[in-house]
Structure formats: structure tokens, C-alpha cells
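In this text, all values refer to a predicted model and were calculated from it rather than measured experimentally.
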Amino acid sequence: MNLNEIKQLPDVMSKGQLESYIIQYLDSIENLEKLNILETLECFSEFADRKTYTYELLSDSLRKRLDSFLQKIWNDTSSEIVDVYSSVVVNLNLKNSYNLMKESLNKDLDEDVREIIEETVDEIGEDIEVPFKIN
């Protein structure tokens, strides 16, 4: 599955259908030696957009798998990557990836990267696992 194929998926589907597509995508990329991180995050962003229409959290096992994978591709050197990463992590409710992103605030970061992370943390706080928080 690639980004164009994922974009062609229906906007609204059941949680089970969505999870099946995410698992299929993860299976296809988890063991690749070379990965386009931005494109991968954009694919997850497409899935995250569709997840909002399920009005449910993804299953615990899938969230753990996604969380683990996203932590491996975390990159705090590109504002473009951090922007998409933060959106994916928040919209898929991935606690460990969110905490990893927050921990980066202790590092010397590019100003744009720092701003994206700080805005995300200000908006979400500690409620990363609350699926629909309205501030």
C-alpha cells in the first residue's frame, strides 16, 4: 500500500476495516531497511483522519504496535516531519510516542520544531489517550 492508494480509501469505515488497513500497511513497511519517513507519516496521517470517523480508540494491541513503530522513526530535526508526527501521534492516541516528542523539549531544537511540540503539548496536556478532547 502506498500513499496514493491510502488516499483512495473511503473516508468513513468501521474500526475493524480501518485496523485491517493499518495492519496491512504496517506489515509492508516494518522490516524495510530504507523508509521515507515523511511519506510514512503522511500515510499514518491519512489513517488518523479516517479514525476520527470511527469515534473509537484503536485496539490496545494495534496502538502499542503503532506506538513502538513511530518511536523508532521519531526525528526532531525537521519541522515538516515533526508537524505530521505530532498530528499522527495525537490523533491515534499514542502515549509513548507523545512522551518521546515531549522529552525532546529538553534538547536544543530548531525554533520551528520547538514551537510545534510546545503547541501540541499545550493543546493536549496529559490527555493523549482521550479520543475526543475539546479545549
Side-chain angles (χ1 to χ4, degrees):
M1 252 183 157
N2 63 38
L3 182 57
N4 287 330
E5 291 170 327
I6 294 169
K7 284 183 175 188
Q8 297 304 312
L9 294 173
D11 288 339
V12 180
M13 62 182 81
S14 72
K15 174 182 165 181
Q17 288 173 308
L18 179 61
E19 287 186 345
S20 176
Y21 284 121
I22 294 171
I23 290 167
Q24 180 183 347
Y25 180 66
L26 270 171
D27 287 346
S28 72
I29 63 168
E30 273 182 318
N31 295 316
L32 292 177
E33 287 184 26
K34 193 167 187 165
L35 192 65
N36 179 324
I37 292 175
L38 185 58
E39 183 177 314
T40 300
L41 288 170
E42 287 172 346
C43 289
F44 285 124
S45 180
E46 289 291 324
F47 289 129
D49 289 347
R50 285 157 178 80
K51 183 229 153 225
T52 60
Y53 294 111
T54 69
Y55 302 100
E56 297 180 68
L57 291 171
L58 296 174
S59 69
D60 286 345
S61 60
L62 181 54
R63 279 194 299 142
K64 286 178 185 171
R65 185 175 171 193
L66 280 165
D67 216 357
S68 176
F69 180 79
L70 285 175
Q71 287 175 73
K72 292 175 188 169
I73 64 170
W74 170 239
N75 177 333
D76 59 16
T77 60
S78 160
S79 62
E80 188 175 19
I81 288 174
V82 170
D83 192 37
V84 180
Y85 185 95
S86 66
S87 174
V88 167
V89 165
V90 167
N91 290 314
L92 294 179
N93 310 94
L94 305 176
K95 185 176 185 173
N96 293 330
S97 296
Y98 177 70
N99 288 334
L100 178 63
M101 187 175 65
K102 280 184 5 182
E103 288 169 13
S104 291
L105 290 172
N106 297 323
K107 296 169 56 178
D108 185 24
L109 298 171
D110 173 82
E111 188 177 319
D112 292 337
V113 168
R114 179 172 296 283
E115 184 177 326
I116 293 165
I117 297 171
E118 286 175 345
E119 286 177 5
T120 302
V121 171
D122 287 345
E123 181 180 334
I124 301 304
E126 297 304 316
D127 296 331
I128 186 66
E129 293 183 301
V130 176
F132 302 102
K133 181 181 178 195
I134 300 172
N135 289 335

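Residues satisfying the side chain to side chain contact (heavy atoms under 4.5 Å, CB included) test with Ile73, not counting sequence neighbours, are Leu35, Ile37, Thr40, Leu41, Phe69, Leu70.
Not a single donor-acceptor pair under 3.5 Å links the side chain of Ser20 to the backbone N or O of Gly16. Judged purely by atom type and a 3.5 angstrom limit, Asp67 uses its side chain to pair as donor or acceptor with the backbone of Asn96. A donor-acceptor pair under 3.5 Å is formed between the side chain of Glu5 and the backbone N or O of Asn2.
Between Tyr21 and Met13 the shortest heavy-atom distance is CD1-SD, 3.6 Å. Of all non-hydrogen atoms in Ser14 and Thr54, the two that sit nearest each other are C-CG2, 4.2 Å. Heavy atoms only, all atoms of each residue included: Val84 and Ser45 are closest at CG1-CB, 4.2 Å. Contact detail for Ile116 and Ser79: the closest heavy-atom pair is CD1-O, 3.4 Å. Nearest heavy atoms, Leu105 versus Arg114: O-NH1, 3.0 Å. When all heavy atoms of Ile117 and Met101 are compared, the closest pair comes out as CG2-O, 3.6 Å.
Here CD of Glu119 is found 8.0 Å from CG of Asp122. Values are rounded to the nearest 0.5 Å. Distance OG/Ser61 to CD1/Ile23: 7.0 Å, rounded to 0.5 Å. Remark: Tyr25 OH to Leu9 CG distance equals 12.0 Å, nearest 0.5 Å. Put simply, CG on Leu26 and CG on Leu62 are 6.5 Å apart, with the number rounded to the nearest 0.5 Å. For the atom pair Leu92 CG and Leu66 CG, the distance stands at 6.0 Å (nearest 0.5 Å). With values rounded to the nearest 0.5 angstrom, Asn75 atom CG is found 9.5 Å from Ser104 atom OG.
Applying the salt bridge (Lys or Arg N to Asp or Glu O under 4.0 Å) test to pairs two or more places apart or on separate chains, those with a residue in residues 10-30 are Asp11-Arg50, Lys15-Glu56, Asp27-Arg65, Glu30-Arg65. Pairs passing the salt bridge (Lys or Arg N to Asp or Glu O under 4.0 Å) check and including a residue from residues 76-99, sequence neighbours excluded, read Asp76-Lys107.
Taking the six-membered ring for Trp and thresholds of 30 and 60 degrees, Trp74 and Tyr85 have ring planes inclined between 30 and 60 degrees apart.
Hydrophobic clustering, with ILVMFWY side chains joined whenever heavy atoms are under 4.5 angstrom apart, groups Leu32 together with Met1.
A salt bridge between Arg63 and Asp60 is present, with a side-chain N of the basic residue lying under 4.0 Å from a carboxylate O of the acidic one. A salt bridge is defined here as a Lys NZ or Arg NE, NH1 or NH2 lying under 4.0 Å from an Asp or Glu carboxylate O, and Glu126 with Lys102 meets this definition.
With a 4.5 Å cut-off on side-chain heavy atoms, Lys51 and Leu18 count as touching. For the pair Val121 and Tyr98, the minimum side-chain heavy-atom distance is below 4.5 Å.
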Would you please test Gln8 and Asn4 for side-chain contact (heavy atoms from CB on, under 4.5 Å) and show each step?
CA-CA 6 Å; Gln8 297 304 312; Asn4 287 330; 5.7 Å; no
